[in-house]
Amino acid sequence: MSKKTETKEEKRKFALWARDSTLKMARELYKSDNCQSQSEFIEKAIIFYAGYLSSNKNSEYLPNIITSTLKSIVKESDNRLTGAIFKIAVELAITMNLIASSQDVDKVTLERLRGECVKEVKRLNGHFSIDDAFYWQKGND
């Protein structure tokens with residue numbers, strides 16, 4: 001007997017009562033999990049589910065590398081978005097200051113304009129462009 005065979009735990013046959021749909025699922029999936037048989041597939045499923053139930057944290061069944069990778073992706077995406085939003089805010093502040101310095105608009109008119117702009121941006125679902133502003137100021141739709 002080889003060393004590999006000696007260390008193998010003995011397998012036993014037993015009756016399994018399962019729904020036809022469950023057995024069909026095992027028949028369809030066992031090869032995709034690289035199992036040699038439906039019995040091996042069912043055994044792996046039992047071991048996995050028993051581990052799932054006995055663990056205090058079900059997240060332990062998501063490999064740590066997946067969790068770590070997802071956290072890194074979210075953090076990097078957040079960093080990029082934050083940087084991009086900051087750059088846009090700086091450019092917008094420059095634009096607003098240039099316009100404010102060259103226009104003679106009173107506070108009441110500015111507040112009315114802000115209210116109208118909120119309505120227009122909502123109407124356009126946040127997609128407001130310079131073209132929209134041009135047509136809006138000129139009174140064209």
Side-chain angles (χ1 to χ4, degrees), residues 2-141:
S2 72
K3 193 170 189 174
K4 188 176 181 182
T5 308
E6 292 176 69
T7 58
K8 273 190 157 183
E9 185 178 346
E10 184 179 334
K11 291 188 176 194
R12 297 188 185 270
K13 187 176 184 177
F14 73 99
L16 171 68
W17 291 91
R19 290 180 178 86
D20 285 337
S21 59
T22 305
L23 295 174
K24 181 181 177 198
M25 190 185 328
R27 247 188 330 273
E28 291 172 353
L29 294 175
Y30 82 94
K31 289 181 182 175
S32 66
D33 191 39
N34 295 320
C35 293
Q36 298 298 314
S37 65
Q38 294 172 56
S39 293
E40 182 184 355
F41 180 80
I42 292 168
E43 182 179 19
K44 285 173 76 175
I46 291 169
I47 291 167
F48 177 83
Y49 190 63
Y52 172 80
L53 290 176
S54 64
S55 70
N56 291 333
K57 287 180 151 184
N58 296 335
S59 64
E60 291 174 16
Y61 274 83
L62 274 180
N64 290 337
I65 191 69
I66 292 174
T67 305
S68 173
T69 301
L70 289 175
K71 283 180 181 177
S72 296
I73 290 169
V74 169
K75 186 176 181 179
E76 183 59 31
S77 179
D78 185 46
N79 288 342
R80 275 187 261 166
L81 285 173
T82 303
I85 291 169
F86 179 80
K87 288 177 182 177
I88 290 168
V90 169
E91 296 302 318
L92 186 58
I94 292 168
T95 304
M96 287 190 291
N97 276 285
L98 286 170
I99 292 169
S101 70
S102 65
Q103 300 299 310
D104 185 27
V105 177
D106 61 82
K107 196 169 186 169
V108 174
T109 304
L110 182 61
E111 286 303 315
R112 283 187 191 144
L113 177 61
R114 178 173 283 112
E116 290 301 316
C117 286
V118 168
K119 285 188 226 172
E120 188 66 4
V121 170
K122 281 182 179 179
R123 185 182 74 78
L124 295 171
N125 202 22
H127 300 280
F128 193 81
S129 69
I130 190 71
D131 295 330
D132 296 321
F134 176 80
Y135 292 119
W136 188 42
Q137 289 299 320
K138 301 298 181 193
N140 302 327
D141 285 330

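This chain uses plain numbering: 1 for the first residue, then up along the sequence. What you see below is based on every heavy atom in this structure, not just the backbone, and it leaves out hydrogens, waters and symmetry mates.
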Practice prompt. Give a yes or no on whether the backbone of Glu91 and the side-chain of Thr95 come within a donor-acceptor separation of less than 3.5 Å.
Written response: yes

Practice prompt. Using a 4.5 Å cut-off on heavy atoms from C-beta on, say whether the side chain of Phe86 contacts that of Val90.
Written response: yes

Item to complete: Please confirm whether the backbone N or O of Val108 pairs with a side-chain atom of Asp106, one donor and one acceptor, at under 3.5 Å?
Response: yes

Worksheet item: Nearest 0.5 Å, what's the CG-CD1 distance between Leu29 and Ile42?
Response: 11.0 Å

Worksheet item: Around Asn125, counting heavy atoms of other residues, nucleotides and ligands shown, do more than 12 lie under 6.0 Å from its CG?
Response: no

Fill in: Interatomic spacing from OG in Ser39 to NZ in Lys13 - rounded to 0.5 Å
9.0 Å

Item to complete: Kindly indicate whether the side chain of Glu40, heavy atoms from C-beta on, has any atom under 4.5 Å from the side chain of Tyr30.
Response: no

Worksheet item: In Å and rounded to the nearest 0.5 Å, what is the CD1 to CG distance from Ile85 to Leu92?
Response: 12.5 Å

Worksheet item: Does some side-chain heavy atom of Trp136 sit less than 4.5 Å from a side-chain heavy atom of Glu116?
Response: yes

Fill in: Option passing side chain to side chain contact (heavy atoms under 4.5 Å, CB included) with Phe128 (candidates Arg123, Glu120, Lys122)
Glu120

Practice prompt. Taking side-chain hydrogen bond (donor to acceptor under 3.5 Å, both in side chains) as the test, write out the residues that go with Gln103, two or more places apart.
Written response: none

Discussion item. One thing to verify: whether Lys24 and Glu28 come together as a salt bridge, which I'm taking to mean a side-chain N less than 4.0 angstrom from a carboxylate O.
Written reply: yes

Item to complete: Please answer whether the main-chain N or O of Ser68 pairs with a side-chain N or O of Ser72 as donor and acceptor at a distance below 3.5 Å.
Response: yes

Discussion item. How close do Leu110 and Val105 get, counting heavy atoms only, and between which atoms?
Written reply: N-CG1, 3.9 Å

Worksheet entry | Non-hydrogen side-chain atoms of Lys44 and Asp33 separated by less than 4.5 Å | yes

Practice prompt. Indicate yes or no for a side-chain donor-acceptor contact from Asp78 to the backbone of Val74 under 3.5 Å, with no hydrogens or angles considered.
Written response: no

Discussion item. Donor-acceptor pair, distance only, cut-off 3.5 Å: does the side chain of Glu111 make one with the backbone of Lys107?
Written reply: no

Fill in: CG-CD distance between Leu81 and Glu76, expressed to the nearest 0.5 angstrom
10.0 Å

